[in-house]
Amino acid sequence: MDVSLIHAGRTLGMSERAIFWKVIVPNAGPGILAGTILTFARAIGEYGATSMVAGNIPGKTSTISQKIAMVLQDGNYKTAGLWALIVLAIGFACIVCMNLILSRNNRRIRRW
């Protein structure tokens, strides 16, 4: 983020709150959105920290990656493949949504 935009907002007499909401958030929005989606994607695939902190109590603290590991231990590869496809579909849907939102924002930007 270019600091001169913040200084320009101050020069124009904007309050700090207005600068935050009208200058900083719109400029940092794509990065915030991408970081949120990447964090969500990382959390979906998390196995170790969930197992160590919350345990693996079926129906209470289980995640999809833990479900895949449990099914693989039982030797049920079809069910593990189905769960893997579900994770893939969720990740794909998140990326498509992110691209749609960012492309919608880019259409509003006027170019010379």
Applying the side chain to side chain contact (heavy atoms under 4.5 Å, CB included) criterion to Trp21, which one of Val25, Ile19, Val23 satisfies it?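 Only one of Val25, Ile19, Val23 forms a side chain to side chain contact (heavy atoms under 4.5 Å, CB included) with Trp21, namely Val25.
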Same cluster or not: [X] versus [Y], using hydrophobic residues (I, L, V, M, F, W, Y) connected whenever any side-chain heavy atoms lie under 4.5 Å apart?
{"X": "Ile64", "Y": "Met70", "answer": "no"}
{"X": "Leu38", "Y": "Leu33", "answer": "no"}
{"X": "Val71", "Y": "Tyr77", "answer": "no"}

Could you report the tightest heavy-atom contact between Gly35 and Thr39, atom names first, then the distance?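 Looks like O-OG1, 2.7 Å.
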Looking only at heavy atoms, which two atoms of Phe20 and Pro26 are closest? And how far apart?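 Shortest heavy-atom contact: O-CD, 4.5 Å.
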Among residues at least two apart in sequence or on other chains, which ones pass side chain to side chain contact (heavy atoms under 4.5 Å, CB included) with Leu12?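 Here no residue qualifies.
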What residues form a side chain to side chain contact (heavy atoms under 4.5 Å, CB included) with Cys97, not counting sequence neighbours?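 By the side chain to side chain contact (heavy atoms under 4.5 Å, CB included) rule, Cys97 matches no residue at all.
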[atom1] of [X] to [atom2] of [Y]: how many Å apart, nearest 0.5 Å?
{"X": "Leu72", "Y": "Ile68", "atom1": "CG", "atom2": "CD1", "value": "7.5 Å"}
{"X": "Ile95", "Y": "Ile37", "atom1": "CD1", "atom2": "CD1", "value": "8.5 Å"}
{"X": "Lys22", "Y": "Leu5", "atom1": "NZ", "atom2": "CG", "value": "15.5 Å"}

Among all residues two or more places apart in sequence or in another chain, which pass the side chain to side chain donor-acceptor pair (under 3.5 Å) test with Thr79?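 For Thr79 the side chain to side chain donor-acceptor pair (under 3.5 Å) partners, ignoring immediate neighbours, are Asn76.
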